[in-house]
J.: 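Can you read through this structure? Questions will come right after.
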Amino acid sequence: MLLDIFLIVLGVTMVLYGADRLTEGASALARRMNVPEIIIGLTIVAAGTSAPELFVSMVSALKGTPDLAVGNVVGSNTMNCMLIVGCAAMVAPMTISRSTVKKDIPFSVGASVLLMLLAFNGFLGRLDGLLLLVGFVAFMAYTLSQAKNGQAEVVDENQQLCPVLSVLYVLGGLAMLVVGSNLFVDSASSVAYALGISEGVVGLTIVAGGTSLPELATSVVAARKGQSAIAIGNVIGSNVFNILLILGLTATISPLEIEGITTIDLAVMLLSVVLVWLFSRTRYTVDRWEGAVLVGGYLVYLGWLITSL
């Protein structure tokens, strides 16, 4: 048991570090090939922040533990909206742009509703996965069109990496993602079996918490610096990527039979993004008390998960 816990920590550390190195190396290579900054930000960097969820979910599905794969995404999205937005708002009230409230957050709500409908029968097949991927393509097309109109955020990355070091970062990052994901999934599954906990609950809590660490750190730091757009954009973008790209790709490669993720878990995920949307519509700000409501709601949900074991 102690060894499994150590391997879980080691695995998530490798996944997070590998995702960071992969993103940095790929961004540096793209700049040397004169790829526009905004394209880098909306593709390589965005995918890099979702790489932990992507690799953990795909490895889980391929290893025959689909509840870990789906629980990872559902748990991460719930944690993003309730715990991460809540903590960030409690640090400093978050100002939300009208465009985000009227266009971006509704897209995240739509993605959550789509997932609920597709997963209602307890199965995500290849056709469901392809439908999610079509939604992701539509989201990227919309986001890129917004970027051309000057409405997207430009991500500032280190441009000083030499080509050889950039390639090493990409290869090393990929290797760490693969190895770390395997360690993480195997050890988390072992702990679940040892404690008699379902893989779905492990995915909703331990796995989701580990893969959401980059979003938590980024959003809280951005809130402290008064960069509300980055904090909320990080969460909304991550949620859409998690559902449409990660589950879409995972289900297309390996159909997912969902048993440990309940309708309540999916409903809480949808409720969390709806709450962020409603709070954002009040003077286009998420105040400290609203952040406290979100954090409190997440703690209640977490308590329900633990007591229902």
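Everything quoted here is computed from the prediction, not taken from an experiment. One is the number of the first residue; the rest follow in order along the sequence.
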J.: Any chance you could measure S112, atom OG, to N239, atom CG, to the nearest 0.5 Å?
T.: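 Output value for this atom pair is 6.5 Å.
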
J.: Name the residue from V113, L127, L131, I243 that meets the side-chain contact (heavy atoms from CB on, under 4.5 Å) definition with L118.
T.: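 Single pass found, and it is L131.
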
J.: Kindly write out the residues that satisfy ring pair (Phe, Tyr, Trp, His ring centres under 6.0 Å) with F136, not counting sequence neighbours, or none if the list is empty.
T.: F241

J.: Would you call V286 and P93 a side-chain contact if the rule is heavy atoms closer than 4.5 Å?
T.: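 No, too far: nothing below the 4.5 Å cut-off.
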
J.: With a 4.5 Å cut-off on side-chain heavy atoms, are W277 and V109 touching?
T.: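 V109 vs W277: side chains touch.
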
J.: Got a second to check how far D128's CG is from L133's CG, nearest 0.5 Å?
T.: 11.0 Å

J.: Minimum heavy-atom separation for D67 and I261, please, with both atom names.
T.: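 Closest approach of D67 to I261: O-CD1, 3.9 Å.
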
J.: Kindly indicate whether the side chain of L247, heavy atoms from C-beta on, has any atom under 4.5 Å from the side chain of L115.
T.: yes

J.: Can you give me the closest heavy-atom contact between S272 and T78, atom names plus distance?
T.: OG-CA, 3.9 Å

J.: Hey, are the side chains of W289 and M90 touching, using non-hydrogen atoms and a 4.5 Å cut-off?
T.: no

J.: Do N121 and I258 come close enough that some side-chain heavy atom pair is under 4.5 Å?
T.: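 A side-chain contact is absent here, since even the closest heavy-atom pair is not under 4.5 Å.
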
J.: Name all pairs fulfilling the ring pair (Phe, Tyr, Trp, His ring centres under 6.0 Å) condition that reach into residues 242-276, sequence neighbours left out, sorted by first residue then second.
T.: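 Every pair satisfying ring pair (Phe, Tyr, Trp, His ring centres under 6.0 Å) with a residue in residues 242-276: there are none.
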
J.: Just checking, is any N or O donor in the side chain of E290 or T282 under 3.5 Å from an acceptor N or O on the other one?
T.: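 Yes, because at least one side-chain N or O of E290 sits under 3.5 Å from a partner of the opposite role on T282.
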
J.: How many angstroms lie between atom CG of L266 and atom CG of L271, to the nearest 0.5 angstrom?
T.: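 Reported value, rounded in 0.5 Å steps: 12.5 Å.
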
J.: Rounded to the nearest 0.5 Å, how far does OH of Y298 lie from CD1 of I84?
T.: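 Going from the CD1 atom of I84 to the OH atom of Y298 covers 9.0 Å.
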
J.: Check whether the side chains of N242 and S76 place a donor and an acceptor atom closer than 3.5 Å, and report yes or no.
T.: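 N242 vs S76: no donor-acceptor pair found between side chains.
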
J.: Of all the heavy-atom pairs spanning T250 and S57, show the shortest one and how long it is.
T.: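 Closest approach of T250 to S57, heavy atoms only: CG2-O, 3.8 Å.
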
J.: Is there side-chain contact between C87 and V295, with at least one heavy-atom pair below 4.5 Å?
T.: yes

J.: If we only count heavy atoms from C-beta on, is the F279 to V101 side-chain gap below 4.5 Å?
T.: no

J.: Where is the tightest heavy-atom contact between V276 and L294, given as atom of each residue plus distance?
T.: CG2-CD1, 4.2 Å

J.: Looking at every heavy atom in both S108 and V273, which two are closest together, and how far apart are they?
T.: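 Minimum heavy-atom separation between S108 and V273: OG-CG2, 3.5 Å.
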
J.: With rounding to the nearest 0.5 Å, note down the distance linking CG in L3 to OG in S190.
T.: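 Between atom CG of L3 and atom OG of S190 there are 9.0 Å.
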
J.: Quick one: do M269 and W304 end up in the same hydrophobic cluster if we chain Ile, Leu, Val, Met, Phe, Trp and Tyr together by side-chain heavy atoms under 4.5 Å apart?
T.: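 Shared cluster, yes.
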
J.: Is the shortest side-chain heavy-atom distance between Y301 and M79 below 4.5 Å?
T.: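 The answer is no; the side chains never approach within 4.5 Å.
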
J.: Return the minimal non-hydrogen interatomic distance between A251 and G129, and the atom names on each side.
T.: CB-CA, 3.9 Å

J.: Evaluate whether atom CZ of R288 has more than 12 neighbouring non-hydrogen atoms of other residues, nucleotides or ligands under 6.0 angstrom away.
T.: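 Yes, enclosed.
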
